[in-house]
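Read the numbers this way: they start at 1 and go in the same order the structure lists the ligands and their atoms. Atoms considered below: every heavy atom in the structure, side chains included; atoms not considered: hydrogens, waters and symmetry mates.
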Amino acid sequence: MDFSTEYKQGIWPAIRWFLYTVGMMWVATAVSHALEHDTYEITIIWPAGAVGIWLFIRYGRLGFIPVILGQEAYHVFSMPYETIFTFFSACNGVAAWLGAAAYYYLGGRNDNISQLKPILSLVFGATAIQSFFSAITGCIALAITRSLNLIDLEIIFIRWFFSDLTGNVLFCPLLLAVSDKKSWIGLSFKARVVPIIIAGSVLIIMWFLVNSPALESLGQYPAMLLSLPACLWLSMRKNTAMVTISLVVILTGSLFVTTLVAREIDDGNFIALQIYAAIIMGSCMVLHSMRLSRDQAIAELDMQKQQLEFAVARRTEQLQKQVEETEALAAKLEQQALSDYLTGLPNRRAFTLQVNQELQRNERSGQSLALLLVDIDHFKRVNDDYGHITGDTALKTLGVAFDELVRQGTDFVARLGGEEFGFLLPDTDRAGALKTAERIRKTVESVPIDYPGGQFYVTVSIGVAISVRRRTIEQMLNEADKAMYRAKYNGRNRVEYGYDLEVTTGSGSG
Ligand SMILES: Nc1nc2c(ncn2[C@@H]2O[C@H](COP(=O)(O)OP(=O)(O)OP(=O)(O)O)[C@@H](O)[C@H]2O)c(=O)[nH]1
């Protein structure tokens with residue numbers, strides 16, 4: 001809540017803020033005065049200074065209004081009024097303002113005191129400055145109005161300084177943490193109650209210990225140190241508001257327990273008690289902020305780790321996709337490198353690979369393998385008479401016909417170049433090869449080739465070669481080629497068998 005935001009909402013929120021803050025300062029001043037120890041006339045703690053610093057930290061210079069008016073209200077309504085009280089109020093106002101300024105100057109922030117820098121600025125900067133300025137100006141005023149001697153003034157200064165300092169160190173962190181709304185969000189019932197139960201239990205145990213006749217000496221200042229383990233444990237809790245509340249309960253409580261129980265306590269011992277309270281509170285707050293910083297660092301590391309894992313997963317996915325695309329492209333290129341652009345049939349390279357593969361298999365199985373070379377007759381004339389485009393159409397039409405003709409899965413047909421096609425027939429003997437060649441020849445004769453003016457027919461000459469074992473592709477192509485040229489020579493549109501092979505293998509001619 002900021003005063004300017006409140007004021008913008010209308011006059012009533014502004015008046016409400018005024019009454020609420022002035023009332024708070026009034027109560028704080030009254031409580032501070034009430035905390036005087038009757039027997040020894042020592043002010044135990046002065047929380048009014050802490051409220052003043054808090055008002056300045058939270059509301060800026062507007063804090064002057066409640067700080068001055070709240071104290072004046074107490075002076076006017078609760079005690080016989082003296083003019084010097086106004087001076088005290090003004091000095092306390094300036095002291096609180098200086099404390100708040102020091103807090104901001106040293107790196108404090110108004111929205112979060114859970115970090116180390118704000119806590120150090122508050123506990124070791126703002127509180128000391130407020131206490132010193134308020135005590136020194138108070139003593140000057142007393143010196144002028146009451147004509148006290150130097151020794152009395154020194155005692156008053158020290159009492160004043162330490163009661164303000166203890167009040168500041170205990171209550172400033174408490175007020176800042178408790179008034180920060182974020183401190184209360186999501187806080188479980190257990191997290192609210194457990195620290196208070198622990199603080200209360202520590203005080204009860206302490207009460208019994210310092211009252212025990214056997215432990216009479218514990219009634220002196222070391223009694224407060226009994227609370228140290230509990231304070232350290234509490235300071236390691238996560239919620240700053242609950243940590244400050246429970247620490248203040250224990251430390252103010254133990255101050256009271258000691259002063260109420262102690263039979264004899266002098267100024268020195270009492271101030272030592274105050275200093276212990278301030279030191280324990282300050283150290284516990286530092287410890288608390290270090291725990292929170294560590295938590296924050298771990299959370300940030302966790303987040304960075306998650307971000308890194310996410311980035312790595314995304315990059316891996318991208319790389320995997322790139323690899324898949326590259327593989328698909330390579331497969332496509334491989335496919336293109338092995339097919340004929342015009343007919344879509346496998347090309348000479350694919351045919352050569354296939355023949356070599358079949359020859360190897362043939363070597364092992366001992367089965368015969370047939371290779372057919374099919375060449376279109378007078379194809380030059382087709383191009384010359386009907387045009388090159390029709391020539392291409394003829395090649396494509398025959399490509400489709402050949403593809404349908406071969407035994408799917410075993411036989412293999414390819415365009416070897418120009419008007420020449422190759423057939424590979426695994427596990428086929430001479431008779432089967434000649435039969436297939438004849439079927440090819442007859443099919444070609446009967447397949448009409450379209451051209452813009454109508455249709456025409458072509459014929460093919462076929463050379464057949466058979467391999468039984470230990471033949472090379474060159475030998476087979478050579479024999480089929482010779483047979484095919486013999487078919488051309490013998491009148492075209494016919495099938496011829498490779499004689500050379502027959503001589504090698506000793507089988508009969510077709
Ligand atoms: N349209 C077309 N023609 C081609 C293609 N490849 C080769 N040719 C032609 O095919 C013809 C082959 O002619 P030749 O080698 O003399 O043989 P041919 O006219 O068929 O005569 P024979 O084979 O002796 O019956 C040439 O005119 C080439 O230009 C092609 O992809 N498309």
Side-chain angles (χ1 to χ4, degrees), residues 332-355 370-406 411-425 433-434 436-466 473-501 509-510:
K332 199 174 160 194
L333 286 174
E334 177 76 10
Q335 171 68 20
Q336 280 173 358
L338 292 173
S339 29
D340 171 50
Y341 74 97
L342 185 68
T343 58
L345 289 177
N347 61 13
R348 177 176 279 276
R349 193 166 156 246
F351 188 74
T352 310
L353 289 172
Q354 188 71 18
V355 173
L371 190 152
L372 279 55
L373 281 185
V374 179
D375 192 276
I376 305 172
D377 298 330
H378 299 304
F379 194 61
K380 189 173 177 313
R381 251 189 252 160
V382 172
N383 277 330
D384 292 346
D385 295 350
Y386 301 101
H388 213 265
I389 292 174
T390 304
D392 282 355
T393 309
L395 290 168
K396 282 192 258 182
T397 309
L398 289 189
V400 173
F402 290 160
D403 199 35
E404 285 169 2
L405 203 79
V406 293
D411 295 350
F412 192 81
V413 58
R415 183 183 171 215
L416 304 184
E419 80 287 17
E420 191 177 50
F421 293 85
F423 283 75
L424 187 67
L425 314 174
L434 288 173
T436 307
E438 193 54 26
R439 200 150 47 111
I440 294 168
R441 191 191 66 73
K442 279 193 175 146
T443 305
V444 172
E445 260 183 346
S446 63
V447 170
I449 313 291
D450 294 327
Y451 79 101
Q455 290 181 328
F456 65 92
Y457 295 86
V458 292
T459 59
V460 287
S461 298
I462 303 175
V464 178
I466 293 281
I473 182 167
E474 288 79 18
Q475 285 172 324
M476 291 202 67
L477 280 172
N478 199 20
E479 283 160 14
D481 205 41
K482 278 184 184 162
M484 191 269 290
Y485 274 105
R486 207 165 39 247
K488 294 266 183 197
Y489 183 76
N490 290 337
R492 296 183 172 82
N493 192 18
R494 55 186 284 121
V495 177
E496 287 287 342
Y497 185 67
Y499 292 113
D500 286 352
L501 183 69
S509 79

(request) Please step through side chain to side chain donor-acceptor pair (under 3.5 Å) for the pair Ser461 and Asp375, ending with a clear verdict. (result) CA-CA 5 Å; Ser461 298; Asp375 192 276; over 6 Å; no

(message) Just so I know, are the side chains of Val400 and Lys396 near enough to count as touching, which here means a heavy-atom distance under 4.5 Å?
(response) no

(request) Enter the distance from His378:NE2 to Asp385:CG here, rounded to the nearest 0.5 Å. (result) 11.0 Å

(message) Quick one, Arg441 with Glu438, criterion salt bridge (Lys or Arg N to Asp or Glu O under 4.0 Å). Give me CA distance, side-chain angles, the key distance, then yes/no.
(response) CA-CA 5 Å; Arg441 191 191 66 73; Glu438 193 54 26; 2.6 Å; yes

(request) Could you pull out every protein residue that has a heavy atom closer than 4.0 Å to ligand 1, ordered by chain and then number? (result) Asp375, Ile376, Asp377, His378, Phe379, Lys380, Asn383, His388, Gly391, Asp392, Leu395, Arg415, Gly418, Glu419, Lys488, Arg492

(message) Out of the candidates Phe412, Phe351, Phe402, Phe379, only one should pair with Phe421 under the ring-ring contact (aromatic ring centres under 6.0 Å, His included) rule; please name it.
(response) Phe402

(request) Take atom CG of Leu353 as the centre, draw a 6.0 Å sphere, and report whether it contains more than 12 heavy atoms from other residues, nucleotides or ligands. (result) yes

